[in-house]
Student: 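If you scroll down you'll find the structure; I have some questions about it.
For clarity, every value in this text was computed on a predicted model and none was experimentally measured. Hydrogens, waters and symmetry mates play no part in the numbers below; they use all other heavy atoms, side chains included.
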Amino acid sequence: MTVKRGKLIGIGTGPGDPELVTRKAWRLVSEAKVVAYPAPDQGDSFSRQIMADAIRDDAIEIPIIIPMVSGRAPAQAIYDQAAEDLLIHLNAGHDVAVLCEGDPLFYGSFMYLLARLRDEVEVEMIAGVSSLVASASAALRPLAARLDVLSVLAAPLDNDRLRDAIATSESVVIIKLGRHLERLRGLIADLNLLDNAIYISHATLPHQQVMPLQDAPDDAPYFSMILIYKGSDPWI
């Protein structure tokens, strides 16, 4: 008798507040017998923390340990192995829910598993609230209006690429700040946009911070971003 393969389910867990997880995502995780999630080599998995109350007591949990190092090679090998590990459960007929902070396909780690398994098994995607829109809500600032061009930029990009993208956009979001904050603050000041820039960290969480970029702390966490809007009153 052939066992029907399980389904791979990419779960967007949102920016941090469990109440922002969709009802569908919560239900599917609470039903899943196998739950996987990315985890740092030190500390707890953020996506698991968000969904902790939904994970059933008898669920098989598979942490995917991602070392915080630069370069693609280590991560590629890890995702190769993770795909093989998940395929064992999928071939046994178990659905596997994979947790991902924010939205799985917006800078999400799930996309690397999707690339490896989409031709092997059925896949379902559950979109999540991204930190992008959560941060705009926290700052009470629209992301874009009317015919604005919105650019989403990664902080590790070099200054020339950042400068060119900012110059051609009315609205800019810079993510993954971390150790790059001071360099970015200097760049934005040079562009005379410091008064237009807002700093947000840990959006939706109890320790959320929202402030003008010029007042931001020197040490920014990874889960922080900068919003820049060049117009003064974009909602009018």
Student: Answer yes when R161 and D164 have at least one side-chain N-carboxylate O distance shorter than 4.0 Å, and no when they do not.
Tutor: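 No salt bridge links R161 with D164.
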Student: With a 3.5 Å cut-off and no angle check, do the side chains of Q81 and D85 form a donor-acceptor pair?
Tutor: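 A pair is found: one side chain offers a donor N or O, the other an acceptor, under 3.5 Å apart.
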Student: Give a yes or no answer on whether the side chain of T13 reaches the backbone of C100 with a donor-acceptor pair at less than 3.5 Å.
Tutor: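 Yes, the answer is positive, given that a donor and an acceptor are paired below the 3.5 Å cut-off.
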Student: Looking only at heavy atoms, which two atoms of I50 and P15 are closest? And how far apart?
Tutor: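 Result for this residue pair: CD1-C, 4.5 Å.
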Student: Do any N or O atoms from the side chain of R163 and from the backbone of L191 form a donor-acceptor pair under 3.5 angstrom?
Tutor: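 No: the side chain of R163 does not pair with the backbone of L191.
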Student: Do L184 and Y199 touch side chain to side chain, with heavy atoms closer than 4.5 Å?
Tutor: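 No; the side chains remain at least 4.5 Å from each other.
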Student: So does A216 get a backbone contact from the side chain of R185, meaning a donor-acceptor N/O pair under 3.5 Å?
Tutor: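 Between the backbone of A216 and the side chain of R185 there is a qualifying donor-acceptor contact (under 3.5 Å).
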Student: Give the minimum heavy-atom separation between M225 and S135, together with the two atoms involved.
Tutor: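 So the minimum-distance heavy-atom pair works out to SD-OG, 3.4 Å.
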Student: Could you tell me whether a side-chain N or O of K230 sits under 3.5 Å from a main-chain N or O of S169, the two making a donor and an acceptor?
Tutor: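 Confirmed, K230 side chain pairs with S169 backbone.
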Student: Calculate, to the nearest 0.5 Å, the distance between atoms NE2 and OG belonging to H202 and S131 respectively.
Tutor: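 Here the interatomic distance stands at 11.5 Å.
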Student: Measure the spacing between CD1 of I64 and OH of Y112 and express it to the nearest 0.5 Å.
Tutor: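 Those atoms lie 13.0 Å apart.
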Student: With a 3.5 Å distance limit and no angle check, can you tell me whether S45 reaches the backbone of P38 through a side-chain donor-acceptor pair?
Tutor: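 Checking the backbone N and O of P38 against the side chain of S45, a donor-acceptor pair under 3.5 Å is found.
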Student: Taking only Lys NZ, Arg NE, NH1 and NH2, and the carboxylate oxygens of Asp or Glu, determine whether K24 and E124 approach each other closer than 4.0 Å.
Tutor: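 Salt bridge flag = yes for E124 with K24.
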Student: So does A155 get a backbone contact from the side chain of R183, meaning a donor-acceptor N/O pair under 3.5 Å?
Tutor: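 Side chain of R183 to backbone of A155, a donor-acceptor pair under 3.5 Å: yes, one is there.
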Student: Y229 and A144: which non-hydrogen atoms are nearest, and at how many Å?
Tutor: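 Looking at all heavy atoms of both residues, the closest pair is CE1-CA, 4.1 Å.
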